[in-house]
Amino acid sequence: SGRINITSINLTIYPGAKIDATAKGYLGGSGSSNGQGPGAGIYGSAYAGSGAGYGGYGGKDAQGDLGGNIYGNATWPLDFGSGGAGGYRCSNNPSLGAGGGAIFLNITNTLIINGSILANGGNGQANCNNNGECDSGGGSGGSILILTNNLIGNGSITSKGGSGDNYGGGGSGGRIAIYYSIFNFNGNISVKGGSGYQYGESGTIALNGDVIPGFCDWKLSNSTFCYITETHYLTTNHTYNFVYLNITGSLIGYNNVNLTFPNLSNLYLTGTLSLGSNSQLTLPSLQTLNLTGTLSLGSMSNLTIPNATNIEIYGTLSSGRINITSINLTIYPGAKIDATAKGYLGGSGSSNGQGPGAGIYGSAYAGSGAGYGGYGGKDAQGDLGGNIYGNATWPLDFGSGGAGGYRCSNNPSLGAGGGAIFLNITNTLIINGSILANGGNGQANCNNNGECDSGGGSGGSILILTNNLIGNGSITSNGGSGDN
């Protein structure tokens, strides 16, 4: 049913059995139309539809339509999930991409779950015009609210978002809240977002009123301590108030995502924390960072750690702009702080690069190299390289992008300039790995005759202040190659 309200003294769900409100909430978009509900997905004017939101934001579709919004109550969820948007030439079947329904169980003695309780969002319709592009968005998960004295079992409780296939957006996860006196449940609770061009965000889980984002492992986490053990996605800006964060899985944000942890003191990262281009990660209270995995932000992004005590890097830390103040910082052998090709973008196709020292594309086949600490190199037809700029004694600028070349792809990350690294280490900086702000190599041989090459990006900036510098690693800000 769409809405299930059950009050009983006892309730048992046996293995293989289920209480199921999947795709029984707000309807998906019928044909080329928006979904239904307060977090409905959007159909714009092209071919795909975005995913619906509820416990998190829905995923964008391939043409950039925003996913549906967050709504509802995390501690007392009773809402339907919303419907994903339709897609071009998709059938008039609004049950596809529908949101999850709403389940309320008031079990005054014992609830045994060895089967399943589901309020998942429905998958959108895929490949509506048989060219692979026209996909409707996934529905968001619905609501599951459980009140019980004794919760037992090893089954599953899920309110997941539906899939948007390859070009539609994924639906967000829904909301699950459980209130109990005795908890002996060892099964699965999940509010993951659905897959798509952009995945939908995870929803929320509340246990006795303590709300955690759905990307935290509910068996290990609470509202101040978060363990991320699987792969989850973020589509837009968020602030989280954790004190402790341990990532063995992956938390992946798309472009233009600003992520702030105002109270985070300890970050242990053996998995991946990744944000896209033009994003920000701000860690104002961080004291301890132990990085054996990957902390990565895209080009022109900002990573700020203003007041740490001890940072140990065994893996990779990368961003466009890296600002770190800490008492001590150690970069171990094989590890790196890396802003390579994370500065101003290279020329997209047959165009100039970006930045004050940008490379030039003239009117023939190749592009010149970018300048910064020196002049960039000419290309084969004589276009001048980019100019010198910036401050040699206090370098804080991005490197500039090399020019594109004839028939080179529209990939401006090729030939991008190096980023900007600022390290203020008040006691000891040990470098046995690498600090890099190199420019990116240009694209080579774009028309397969050996002549059409884009220019290399210029190296970026590395500014280091420290009391004691130790190690046998490397510090480089080299320019990128322009091939032949």
Side-chain angles (χ1 to χ4, degrees), residues 255 274 276-278 294 296-301 316 318-322 334 336-390 397-421 433-462 474-484:
N255 295 338
S274 174
S277 299
N278 298 297
T294 300
S296 174
L297 281 70
S299 62
M300 307 293 286
S301 292
T316 298
S318 67
S319 180
R321 188 175 297 280
I322 299 169
K336 58 186 176 179
I337 294 177
D338 193 359
T340 294
K342 295 288 181 82
Y344 289 110
L345 295 175
S348 181
S350 302
S351 63
N352 296 342
Q354 298 183 24
I360 302 300
Y361 177 78
S363 58
Y365 46 86
S368 68
Y372 176 27
Y375 290 99
K378 290 182 181 180
D379 58 31
Q381 65 259 21
D383 296 313
L384 293 177
N387 290 324
I388 294 173
Y389 61 98
D397 293 288
F398 289 137
S400 291
Y406 179 65
R407 291 188 177 174
C408 289
S409 66
N410 292 319
N411 185 351
S413 64
L414 297 169
I421 300 171
S434 304
I435 300 176
L436 309 99
N438 300 328
N441 295 332
Q443 188 175 355
N445 195 18
C446 301
N447 69 340
N448 298 315
N449 71 354
E451 294 180 342
C452 296
D453 304 319
S454 59
S458 57
S461 301
I462 302 173
S474 62
I475 305 171
T476 64
S477 178
N478 298 328
S481 168
D483 200 56
N484 296 316

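We number each residue from 1, following the sequence as shown. Bear in mind the structure is a predicted one, so any value in this text is a computation, not a measurement.
- Of all heavy-atom pairs between Ala403 and Gly367, the closest is CB-CA, 3.7 Å.
- Between the side chain of Gln443 and the backbone N or O of Gly415 there is no donor-acceptor pair closer than 3.5 Å.
- Panel note: side chain Asp383, backbone Ser368; no donor-acceptor pair is recorded below 3.5 Å.
- To the nearest 0.5 Å, atoms CG (Asn255) and OG (Ser277) are separated by 4.5 Å.
- Among all heavy-atom pairs drawn from Tyr389 and Gly371, the shortest one is CE2-O, 3.1 Å.
- Here CG of Asn478 is found 4.5 Å from CG of Asn438. Values are rounded to the nearest 0.5 Å.
- The distance from the OG atom of Ser319 to the CE atom of Met300 is 11.0 Å, given to the nearest 0.5 Å.
- The residue from Asn441, Leu436, Thr476 that alone fulfils the side chain to side chain contact (heavy atoms under 4.5 Å, CB included) condition with Thr340 is Leu436.
- Within the model, atoms OH of Tyr365 and CG of Asp379 stand 8.0 Å from one another, a figure rounded to the nearest 0.5 Å.
- Note that OG of Ser461 is 2.5 Å distant from OH of Tyr372, once rounded to the nearest 0.5 Å.
- Minimum heavy-atom separation, Ser400 to Ala370: O-CB, 3.2 Å.
- At least one donor-acceptor pair closer than 3.5 Å links the side chain of Asn352 to the backbone N or O of Tyr361.
- Between Gly390 and Asp397, the shortest heavy-atom contact is CA-OD2, 3.5 Å.
- In this structure, Leu297 CG and Ser274 OG are separated by 7.5 Å, a value rounded to the nearest 0.5 Å.
- Shortest non-hydrogen contact noted between Ala339 and Ala420 is CB-N, 4.2 Å.
- Judged by distance alone, with hydrogens and angles left aside, the side-chain atoms of Ser299 form no donor-acceptor pair with the main-chain N or O of Gly343 at under 3.5 Å.
- A donor-acceptor pair is defined here as one N or O able to donate and one able to accept, closer than 3.5 Å; no such pair exists between the side chain of Ser434 and the backbone of Lys336.
- Without hydrogens or angle criteria, Ser454 side chain to Gly404 main chain gives no donor-acceptor distance under 3.5 Å.
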